Amino acid sequence: MIGSSTVTAVTTFFTTRRHGQAVLSAVRVGYGLTTALMLLVNLPVRSRLWGTQAAYDWEAFVAGSLQAGQPSLYALSSSAVWADILYFGTVVAAILFALGWHTRVVAVVFFVLLWSLHVRNPVVTNGGDNIMRIVLLYMIIARTDTFWSWRAYRGQRPPGRLRQAVEPYAIVANNVALVACVVQVCVLYVTSGLFKVQGRMWQEGTALYYVMRTADYNTWPELTRLIY
């Protein structure tokens with residue numbers, strides 16, 4: 001049975017103060033900057049990846065989106081102008097999210113735009129994009145602008161009566177989101193590891209050799225050659 005001291009400790013953890021403010025702020029900055037950089041790097045080929053010239057054409061995308069129950073703003077129009085509006089809107093939202101400007105509202109906008117982008121062409125996404133969307137969803141209810149943000153730069157404003165009333169609930173929501181993020185990452189790597197160790201190559205220790213011989217993990221051939 002769970003003792004009263006354990007229940008007290010858990011209750012205290014979730015209700016007394018916000019935890020993980022530095023790490024949540026760092027993740028916010030990292031997510032925003034990496035997304036903005038990725039989109040800017042792919043700016044010249046955006047139409048081929050997520051626009052009108054994509055191999056995953058608009059009709060197939062809309063049909064697949066409806067069938068999978070994954071809505072996307074890109075399904076509202078097949079025009080190149082609309083695709084560009086959403087694309088550059090995602091860049092702006094990513095930058096504002098990294099800067100910590102009105103973070104809660106921007107986090108929702110950023111999540112919707114990023115989700116729409118990933119659904120537009122799932123062929124070019126991977127498991128990292130999926131975990132990013134999941135964690136970003138949790139971060140919507142967390143306080144992610146305590147550090148390295150526009151809010152922190154301006155300083156704390158005196159809380160109003162409404163903010164004081166919802167503060168206890170906001171503390172709980174932040175800590176629940178933090179724990180959810182940690183659990184999500186742990187589940188991801190534990191299940192991934194368990195699936196891998198079932199393979200003969202991982203058990204024999206030769207899987208790393210083959211992984212590092214693939215083009216995706218062979219950016220620096222001289223370094224990877226030393227490892228494998």
Side-chain angles (χ1 to χ4, degrees), residues 23-58 60-62 64-65 68 70-103 105-140 144-145 147-150 181 184-185 188-189 192 211-225 227:
V23 69
L24 286 171
S25 298
V27 172
R28 185 204 80 241
V29 174
Y31 272 15
L33 291 181
T34 54
T35 301
L37 180 61
M38 183 271 293
L39 295 177
L40 292 174
V41 167
N42 288 288
L43 188 63
V45 294
R46 66 187 184 281
S47 182
R48 299 180 187 177
L49 295 176
W50 300 286
T52 55
Q53 300 176 17
Y56 190 59
D57 62 79
W58 190 81
F61 145 66
V62 172
S65 173
Q70 296 180 329
S72 171
L73 293 176
Y74 286 82
L76 297 178
S77 174
S78 61
S79 73
V81 174
W82 177 244
D84 278 349
I85 290 174
L86 294 177
Y87 190 89
F88 287 106
T90 308
V91 175
V92 173
I95 295 174
L96 293 178
F97 187 64
L99 293 175
W101 186 80
H102 294 285
T103 313
V105 176
V106 171
V108 175
V109 175
F110 182 38
F111 174 81
V112 172
L113 289 172
L114 189 64
W115 170 281
S116 297
L117 183 77
H118 289 169
V119 172
R120 174 60 185 90
N121 191 354
V123 179
V124 298
T125 60
N126 54 41
D129 297 314
N130 185 47
I131 192 66
M132 180 178 183
R133 292 195 303 269
I134 295 173
V135 172
L136 183 58
L137 182 62
Y138 297 148
M139 291 175 67
I140 291 175
T144 61
D145 58 0
F147 299 98
W148 314 299
S149 67
W150 178 250
C181 291
Q184 186 68 52
V185 174
L188 169 69
Y189 282 102
S192 175
V211 169
M212 303 202 75
R213 291 300 301 269
T214 62
D216 290 342
Y217 299 99
N218 203 21
T219 307
W220 296 283
E222 294 77 11
L223 179 60
T224 54
R225 188 177 298 113
I227 297 174

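Bear in mind that the values here come from a model prediction, so they are computed numbers and not experimental data. Atom set for the values below is all heavy atoms of this structure, side chains included, hydrogens, waters and symmetry mates excluded.
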On a heavy-atom basis, which atom in S65 and which in S72 lie closest, and how many Å separate them? OG-N, 4.2 Å
Here the pair of heavy atoms bringing T52 nearest to S79 is CG2-C, 4.1 Å
Closest heavy-atom pair and its distance - P71, W115: O-NE1, 2.8 Å
Please lay out, stage by stage, how F111 and M139 fare under the test side chain to side chain contact (heavy atoms under 4.5 Å, CB included). CA-CA 10 Å; F111 174 81; M139 291 175 67; over 6 Å; no
List the steps and the verdict of side chain to side chain contact (heavy atoms under 4.5 Å, CB included) for R28 and S149. CA-CA 9 Å; R28 185 204 80 241; S149 67; 3.7 Å; yes
Yes or no on side chain to side chain contact (heavy atoms under 4.5 Å, CB included) for V119 and F61, after CA distance, side-chain angles and deciding distance? CA-CA 8 Å; V119 172; F61 145 66; 4.0 Å; yes
Hey, does the side chain of D145 reach the backbone of T103 with a donor-acceptor pair shorter than 3.5 angstrom? no
If you round to the nearest 0.5 Å, how far is CG of N42 from OG of S47? 12.5 Å
Side-chain donor/acceptor of W58 to backbone N/O of R120, under 3.5 Å: no
V112 backbone acceptor or donor facing S116 side chain under 3.5 Å: yes
Which atom of A83 lies closest to which atom of G51, heavy atoms considered: CB-CA, 4.4 Å
Close side-chain approach of H118 and N130, heavy atoms under 4.5 Å: no
dist W150:CH2 -> L99:CG (nearest 0.5 Å) comes out at 9.0 Å
Which residues pass the salt bridge (Lys or Arg N to Asp or Glu O under 4.0 Å) test with D57, not counting sequence neighbours? none
Test T90 against every option in L73, I95, L39, I85 by the side chain to side chain contact (heavy atoms under 4.5 Å, CB included) rule and name the one that passes. L39
Under a 4.5 Å cut-off applied to non-hydrogen side-chain atoms, are L136 and F97 in contact? yes
State the CG-CD distance between L137 and Q184, to the nearest 0.5 angstrom. 10.0 Å
Keeping the roles fixed (side chain from T125, backbone from P122), state whether a donor-acceptor pair exists under 3.5 Å. yes
Would you say D84's side chain and Y87's backbone share a donor-acceptor pair under 3.5 angstrom? no
Determine whether a donor-acceptor pair (N or O, by modelled atom type, separation under 3.5 Å) exists between the side chain of R46 and the backbone of L43. yes
Nearest 0.5 Å please: distance from the CD1 atom of I134 over to the SG atom of C181. 10.0 Å
How close do A98 and V29 get, heavy atom to heavy atom, and via which atoms? O-CG2, 3.6 Å
Supply the atom-to-atom distance R133 CZ to L114 CG, rounded to the nearest 0.5 angstrom. 7.5 Å
Is the backbone N or O of W82 less than 3.5 Å from a side-chain atom of S77, with the two atoms forming a donor-acceptor pair by type? no
Report the C-alpha distance between W50 and L117 in whole Å, list the side-chain angles of each, state the deciding distance to 0.1 Å, and finish with yes or no for side chain to side chain contact (heavy atoms under 4.5 Å, CB included). CA-CA 7 Å; W50 300 286; L117 183 77; 3.5 Å; yes
Is there a side-chain contact between T35 and F110, using heavy atoms and a 4.5 Å cut-off? yes
Show the nearest heavy-atom pair for residues A93 and L113, with the distance to one decimal. CB-CD1, 4.1 Å
